[in-house]
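Written below as C-alpha coordinates is the structure these notes are about.
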Amino acid sequence: MKNNFPIKIYRISNFFYRKKLKYLSSFLSWMNRFLFSVWVPGSASLGKNFQLGYWGLGVVIHSNAIIGNNCMVAQGVTIGRNFGDKKVPIIGNDVYIGAGSKVFGEIVIGNNVIIGANSVVNKSIPDNCTVVGNPMRIVKMDRKETWYDLNI
(Lines give C-alpha, C1' and ligand atoms only; values in the text may rest on other atoms or scores of the structure.)
Protein backbone atom coordinates (compact mmCIF):
# COMPACT_ATOMS: atom_id res chain seq x y z
CA MET A 1 0.00 0.00 0.00
CA LYS A 2 1.74 3.14 -1.20
CA ASN A 3 0.16 5.74 1.09
CA ASN A 4 -1.14 3.99 4.19
CA PHE A 5 -3.44 5.27 6.93
CA PRO A 6 -0.79 6.48 9.41
CA ILE A 7 0.73 8.65 6.68
CA LYS A 8 -2.68 10.03 5.74
CA ILE A 9 -3.28 10.94 9.39
CA TYR A 10 0.22 12.50 9.53
CA ARG A 11 -0.52 14.60 6.41
CA ILE A 12 -3.70 15.97 8.00
CA SER A 13 -1.85 16.58 11.28
CA ASN A 14 0.94 18.37 9.41
CA PHE A 15 -1.63 20.55 7.62
CA PHE A 16 -3.09 21.61 10.98
CA TYR A 17 0.41 22.16 12.40
CA ARG A 18 1.29 24.49 9.50
CA LYS A 19 -2.00 26.38 10.06
CA LYS A 20 -0.97 26.91 13.72
CA LEU A 21 -3.70 24.58 15.03
CA LYS A 22 -1.23 22.72 17.20
CA TYR A 23 -3.76 21.12 19.58
CA LEU A 24 -5.61 19.50 16.71
CA SER A 25 -2.31 18.44 15.16
CA SER A 26 -1.22 16.92 18.46
CA PHE A 27 -4.53 15.09 18.84
CA LEU A 28 -4.05 13.44 15.43
CA SER A 29 -0.47 12.47 16.30
CA TRP A 30 -1.72 10.78 19.46
CA MET A 31 -4.47 9.10 17.49
CA ASN A 32 -1.78 7.65 15.21
CA ARG A 33 0.08 6.50 18.30
CA PHE A 34 -2.87 4.63 19.78
CA LEU A 35 -4.30 3.22 16.55
CA PHE A 36 -1.11 2.18 14.76
CA SER A 37 1.71 2.23 17.39
CA VAL A 38 3.60 4.80 15.35
CA TRP A 39 4.88 8.19 16.50
CA VAL A 40 5.01 10.59 13.55
CA PRO A 41 4.18 14.06 14.88
CA GLY A 42 2.64 16.67 12.60
CA SER A 43 5.65 18.93 13.16
CA ALA A 44 8.01 16.51 11.39
CA SER A 45 8.75 17.18 7.72
CA LEU A 46 8.17 14.12 5.52
CA GLY A 47 8.62 14.36 1.76
CA LYS A 48 6.39 13.17 -1.05
CA ASN A 49 5.86 9.42 -1.43
CA PHE A 50 7.08 8.72 2.12
CA GLN A 51 6.18 5.16 3.13
CA LEU A 52 6.06 3.13 6.33
CA GLY A 53 6.56 -0.62 6.40
CA TYR A 54 3.82 -2.63 8.12
CA TRP A 55 1.84 0.57 8.78
CA GLY A 56 4.71 1.95 10.85
CA LEU A 57 4.48 -0.55 13.69
CA GLY A 58 6.95 0.63 16.34
CA VAL A 59 8.31 3.57 14.34
CA VAL A 60 9.36 6.69 16.27
CA ILE A 61 10.25 9.85 14.35
CA HIS A 62 11.44 12.97 16.20
CA SER A 63 9.23 16.05 15.94
CA ASN A 64 11.99 18.04 14.19
CA ALA A 65 13.01 15.33 11.71
CA ILE A 66 13.39 16.22 8.04
CA ILE A 67 12.98 13.33 5.62
CA GLY A 68 13.14 13.68 1.83
CA ASN A 69 11.03 12.36 -1.02
CA ASN A 70 10.57 8.68 -1.94
CA CYS A 71 11.78 7.37 1.41
CA MET A 72 10.77 4.12 3.10
CA VAL A 73 11.02 3.52 6.84
CA ALA A 74 10.50 -0.09 7.89
CA GLN A 75 8.94 -1.23 11.17
CA GLY A 76 10.69 -0.64 14.50
CA VAL A 77 12.85 2.27 13.30
CA THR A 78 13.80 5.19 15.56
CA ILE A 79 14.92 8.52 14.12
CA GLY A 80 15.90 10.98 16.79
CA ARG A 81 18.29 13.10 18.77
CA ASN A 82 21.41 12.00 20.59
CA PHE A 83 21.89 13.09 24.19
CA GLY A 84 23.47 16.55 24.23
CA ASP A 85 22.69 17.26 20.58
CA LYS A 86 20.39 20.10 19.62
CA LYS A 87 19.50 18.81 16.14
CA VAL A 88 18.17 15.57 14.66
CA PRO A 89 19.11 13.73 11.46
CA ILE A 90 18.36 15.21 8.06
CA ILE A 91 17.55 12.42 5.65
CA GLY A 92 17.82 12.90 1.88
CA ASN A 93 15.72 11.60 -1.00
CA ASP A 94 15.35 7.95 -2.06
CA VAL A 95 16.45 6.52 1.31
CA TYR A 96 15.48 3.09 2.64
CA ILE A 97 15.85 2.48 6.39
CA GLY A 98 15.65 -1.21 7.29
CA ALA A 99 13.66 -2.77 10.13
CA GLY A 100 14.87 -2.07 13.66
CA SER A 101 17.45 0.53 12.66
CA LYS A 102 18.32 3.51 14.83
CA VAL A 103 19.33 6.80 13.22
CA PHE A 104 20.29 9.55 15.65
CA GLY A 105 22.42 12.63 16.21
CA GLU A 106 23.34 15.78 14.32
CA ILE A 107 23.96 13.91 11.07
CA VAL A 108 23.03 14.05 7.39
CA ILE A 109 21.99 10.97 5.45
CA GLY A 110 22.64 11.53 1.75
CA ASN A 111 20.43 10.77 -1.23
CA ASN A 112 19.96 7.22 -2.52
CA VAL A 113 21.11 5.49 0.67
CA ILE A 114 20.12 2.05 1.92
CA ILE A 115 20.46 1.40 5.66
CA GLY A 116 20.34 -2.31 6.47
CA ALA A 117 18.13 -3.86 9.14
CA ASN A 118 19.12 -3.33 12.79
CA SER A 119 21.84 -0.84 11.88
CA VAL A 120 22.89 1.88 14.30
CA VAL A 121 23.69 5.10 12.43
CA ASN A 122 25.21 8.01 14.33
CA LYS A 123 27.55 9.36 11.62
CA SER A 124 26.73 11.13 8.38
CA ILE A 125 26.44 9.00 5.24
CA PRO A 126 27.37 10.27 1.75
CA ASP A 127 25.10 9.85 -1.29
CA ASN A 128 24.68 6.51 -3.09
CA CYS A 129 25.83 4.21 -0.27
CA THR A 130 24.67 1.05 1.43
CA VAL A 131 25.43 0.78 5.16
CA VAL A 132 24.92 -2.06 7.63
CA GLY A 133 25.76 -3.05 11.17
CA ASN A 134 26.29 -1.83 14.68
CA PRO A 135 28.35 0.32 14.50
CA MET A 136 27.41 1.08 10.92
CA ARG A 137 29.91 0.58 8.13
CA ILE A 138 29.68 1.38 4.44
CA VAL A 139 29.55 -1.83 2.38
CA LYS A 140 28.82 -0.31 -1.02
CA MET A 141 29.50 3.09 -2.57
CA ASP A 142 28.56 4.70 -5.88
CA ARG A 143 25.35 2.70 -6.18
CA LYS A 144 23.27 3.84 -9.17
CA GLU A 145 19.93 2.08 -8.57
CA THR A 146 17.45 3.32 -5.98
CA TRP A 147 15.89 1.10 -3.30
CA TYR A 148 12.58 0.96 -5.16
CA ASP A 149 14.38 -0.20 -8.34
CA LEU A 150 15.68 -3.14 -6.29
CA ASN A 151 12.16 -4.14 -5.14
CA ILE A 152 13.07 -4.06 -1.45
Side-chain angles (χ1 to χ4, degrees), residues 3-139 141 147 152:
N3 198 2
N4 52 32
F5 291 118
I7 297 304
K8 288 179 181 178
I9 293 171
Y10 157 78
R11 297 283 181 214
I12 296 167
S13 175
N14 181 257
F15 171 80
F16 288 132
Y17 182 84
R18 287 183 283 117
K19 297 294 182 189
K20 309 286 190 232
L21 299 169
K22 294 183 181 176
Y23 288 114
L24 194 50
S25 174
S26 180
F27 172 77
L28 290 169
S29 296
W30 280 101
M31 191 170 87
N32 240 353
R33 170 74 176 93
F34 289 116
L35 291 176
F36 300 107
S37 296
V38 57
W39 184 252
V40 184
S43 59
S45 177
L46 308 182
K48 293 179 182 173
N49 299 320
F50 177 82
Q51 298 177 49
L52 291 170
Y54 291 96
W55 292 27
L57 187 63
V59 169
V60 176
I61 297 178
H62 192 278
S63 59
N64 296 330
I66 299 171
I67 301 175
N69 299 325
N70 304 314
C71 292
M72 166 70 150
V73 173
Q75 68 277 13
V77 170
T78 299
I79 299 170
R81 182 172 64 91
N82 198 6
F83 291 112
D85 288 349
K86 301 256 188 258
K87 297 180 182 176
V88 296
I90 297 173
I91 299 173
N93 298 321
D94 303 314
V95 174
Y96 176 86
I97 303 176
S101 294
K102 311 302 178 225
V103 180
F104 59 92
E106 294 181 3
I107 62 174
V108 175
I109 307 298
N111 297 318
N112 195 25
V113 169
I114 294 176
I115 299 173
N118 293 314
S119 296
V120 176
V121 179
N122 62 355
K123 294 182 179 126
S124 292
I125 302 172
D127 293 347
N128 305 310
C129 289
T130 301
V131 300
V132 298
N134 177 11
M136 72 99 183
R137 65 186 183 285
I138 296 174
V139 294
M141 295 184 75
W147 67 268
I152 294 179

| Is there side-chain contact between T130 and V113, with at least one heavy-atom pair below 4.5 Å? | no

| message | So which atom in A74 and which in G98 form the shortest heavy-atom distance, rounded to 0.1 Å? | response | CB-C, 3.8 Å

| note | Taken to the nearest 0.5 Å, the spacing of L21 CG from F27 CZ works out to 14.0 Å

| request: Only one of V95, I67, I79 passes side-chain contact (heavy atoms from CB on, under 4.5 Å) with I109; say which it is. | output: V95

| message | If the test is side-chain contact (heavy atoms from CB on, under 4.5 Å), which one of N122, I115, V120 qualifies with V103? | response | I115

| side-chain contact (heavy atoms from CB on, under 4.5 Å) between M136 and I125: does it pass, once the steps are laid out? | CA-CA 10 Å; M136 72 99 183; I125 302 172; 4.1 Å; yes

| task | State, yes or no, whether a side-chain contact exists between N32 and W39 at a heavy-atom distance under 4.5 Å. | result | no

| request: Using modelled atom types only, decide if a donor and an acceptor are shared between the side chain of S37 and the backbone of G58 within a distance under 3.5 Å. | output: no

| Expected output: side-chain S119 to main-chain G133 donor-acceptor under 3.5 Å | yes

| Sidechain-backbone polar pair: S13 side chain, S25 backbone, donor-acceptor under 3.5 Å | yes

| request: Could you tell me whether a side-chain N or O of N82 sits under 3.5 Å from a main-chain N or O of F104, the two making a donor and an acceptor? | output: no

| Where N118 and G100 come nearest, the two heavy atoms and their spacing | OD1-CA, 3.5 Å

| S43 side chain vs S63 backbone, donor-acceptor pair below 3.5 Å | yes

| query | What orientation do F5 and W55 show, parallel under 30°, tilted 30 to 60°, or perpendicular over 60°? | reply | perpendicular

| field | Minimum heavy-atom distance between R11 and G47, given as atom pair plus value | value | NH2-O, 2.7 Å

| request: Would you name the heavy atoms of G80 and P89 that are closest together and state the gap between them? | output: O-CD, 3.1 Å

| said: Would you compute the distance between atom CG of N134 and atom NZ of K102 and round it to the nearest 0.5 angstrom? | reply: 10.5 Å

| said: Is there a side-chain contact between I138 and P126 in this structure, where contact means two heavy atoms from C-beta onward sitting under 4.5 Å apart? | reply: yes

| request: Kindly say whether V121 contributes a backbone atom to a donor-acceptor pair with the side chain of K123 at under 3.5 angstrom? | output: no

| query | Under a 4.5 Å cut-off applied to non-hydrogen side-chain atoms, are I114 and I97 in contact? | reply | no

| task | Could you check C71 against Y96 for side-chain contact (heavy atoms from CB on, under 4.5 Å), going step by step and ending with a plain yes or no? | result | CA-CA 6 Å; C71 292; Y96 176 86; over 6 Å; no

| note | The reported gap from CG in N64 to CD1 in I90 (rounded to nearest 0.5 angstrom) is 10.5 Å

| N111 side, atom CG; C129 side, atom SG - distance, nearest 0.5 Å | 11.0 Å

| task | Measure the spacing between CD1 of I9 and CZ of F36 and express it to the nearest 0.5 Å. | result | 4.5 Å

| Are any side-chain N or O atoms of D85 and backbone N or O atoms of E106, one a donor and one an acceptor, separated by less than 3.5 Å? | yes

| Separation of Y10 OH from F50 CZ (nearest 0.5 Å) | 8.5 Å

| said: I want to check something: taking the side chain as every heavy atom from C-beta on, are D94 and N70 in contact at a cut-off of under 4.5 Å? | reply: yes

| task | Given side-chain contact (heavy atoms from CB on, under 4.5 Å), test D127 with N112 step by step and report yes or no. | result | CA-CA 6 Å; D127 293 347; N112 195 25; 5.9 Å; no

| query | Is the closest side-chain heavy-atom distance between W30 and F34 below 4.5 Å? | reply | yes

